[in-house]
Amino acid sequence: MNEKSKDFEEEEKFFWKKQENWIIAIGVIAIFAAIATPFVILVELGWKFTYKQFDKLGVVGDFFGGTTVGLFTLASIIFVIAAIVMQKKELELQRKELAQTRKEFETGNNTAKVQQIDNAFFNMLSLHHQIVNHIMITESQKTYNGREAITELRDICKQKLAQMHFFSEQPDSSYIKDWQRVGKLDKNYLKKVFDNFDTISQEMLDEVYEDFHDKHGNSIGHYVRNNYRIVKFIVNNVANDKNEQERIKNMTGREPIIGDKRYYFGMLRAQWSNAEFELILINSLYKENHKFKDLILEYDVLDMKETRDDEKSSENFKLKDSMDKFKAFKKLIEVRK
């Protein structure tokens, strides 16, 4: 058997699998039956088809009409049913194509939204680096630029916090005079302050950061605000599931994408040096910046939350053991206003 005959057999099998083809075949049979029936009846009755019998054609016509109309009507009904079945299948096919088109459109639309969010996010990261590169401060007659400036600002802030702790422990004026003579606390005292738990109180931090902001706010303020806006952008434009997507949409009027917030927060953290990380945390703990702190704790922006199995159900924020460099701020981190 050659390939053409095989193809023909396959097409024939496929043809008879369709319901409408069977209905059409029945209709065709009904037509042939309608045509053949009167002749079969006449032959069975001994009718002779001769010239002399033409005068009886009127009766024959009535006979043909009576025997064929019903079958032709049946054939017409069968063909109508076949047409309905075919239309039904065509409509089902159109619905499937429409659903597929809608799905492809939604997929394309979602892809476009993701690209739009990603473009905006990475543009904000690019702006972040521009801001970092343009930070400049002068301290003790020395000028610092970029990340070097941020490291110096971090050190200034930590020095002031340690000094505040020093004064609270050593109120004697002679110690204050010794500190004023030296200018900075030694590394051992810094280690004592920042390597122990809860050495920095909210009152200390607020007083120190307020003074720090008054002096260096013009140099660092736009940097911190830009990081806050990036975090806010992620929170308002990336949802973990449809429920959160709907909640954000109702709250902000925006249509966020469904994605992984932790991916975007991770990309943001990857842009920070250690000094930036510490300075951003200290900034968020300042009483006036409680909105930033709330976002950091709610979404664990800094990846500091302990997630042991026995604490997953707890809503309280617990600082990771690995974040021991923030021991001094532990209570401030874990307690919300």
Joint cluster assignment, Phe197 & Val335, ILVMFWY side-chain distance < 4.5 Å: no
Common cluster, Met136/Tyr144, ILVMFWY with side-chain heavy-atom separation under 4.5 Å: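 In one cluster with Met136: Tyr144, no.
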Other residues, nucleotides, ligands: >12 heavy atoms within 6.0 Å of His134 NE2: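 No.
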Lys261 NZ: over 12 foreign heavy atoms closer than 6.0 Å: yes
Parallel, tilted or perpendicular: rings of [Y] and [X] (30°, 60°):
X      : Y      : answer
His128 : Tyr223 : tilted
Tyr264 : Phe121 : perpendicular
Phe329 : Phe194 : tilted

Does [X] reach the main-chain N or O of [Y] with its side chain, forming a donor-acceptor pair under 3.5 Å?
X      : Y      : answer
Ser126 : Phe122 : no
Gln245 : Pro256 : yes
Glu152 : Asn145 : no

salt_bridge(Glu278, Lys158) N-O dist < 4.0 Å: yes
Could you tell me if the side chain of [Y] sits less than 4.5 Å from the side chain of [X], heavy atoms only?
X      : Y      : result
Tyr286 : Glu210 : yes
Lys327 : Leu319 : no
Asn243 : Glu246 : no
Lys215 : Glu139 : yes
Ile280 : Val224 : no
Ile248 : Val235 : no
Leu279 : Phe212 : yes
Glu255 : Lys249 : yes

Side chain to side chain contact (heavy atoms under 4.5 Å, CB included) evaluation trace for Phe317 with Asp300: CA-CA 9 Å; Phe317 192 99; Asp300 194 16; 3.8 Å; yes
Pair His213-Glu288, side chain to side chain contact (heavy atoms under 4.5 Å, CB included): steps then yes or no: CA-CA 11 Å; His213 186 268; Glu288 298 297 330; over 6 Å; no
Residues Tyr228, Leu295; criterion side chain to side chain contact (heavy atoms under 4.5 Å, CB included); working and verdict: CA-CA 9 Å; Tyr228 172 75; Leu295 288 178; 3.7 Å; yes
Between Ser273 and Glu276: side-chain donor-acceptor atoms closer than 3.5 Å: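 A pair is found: one side chain offers a donor N or O, the other an acceptor, under 3.5 Å apart.
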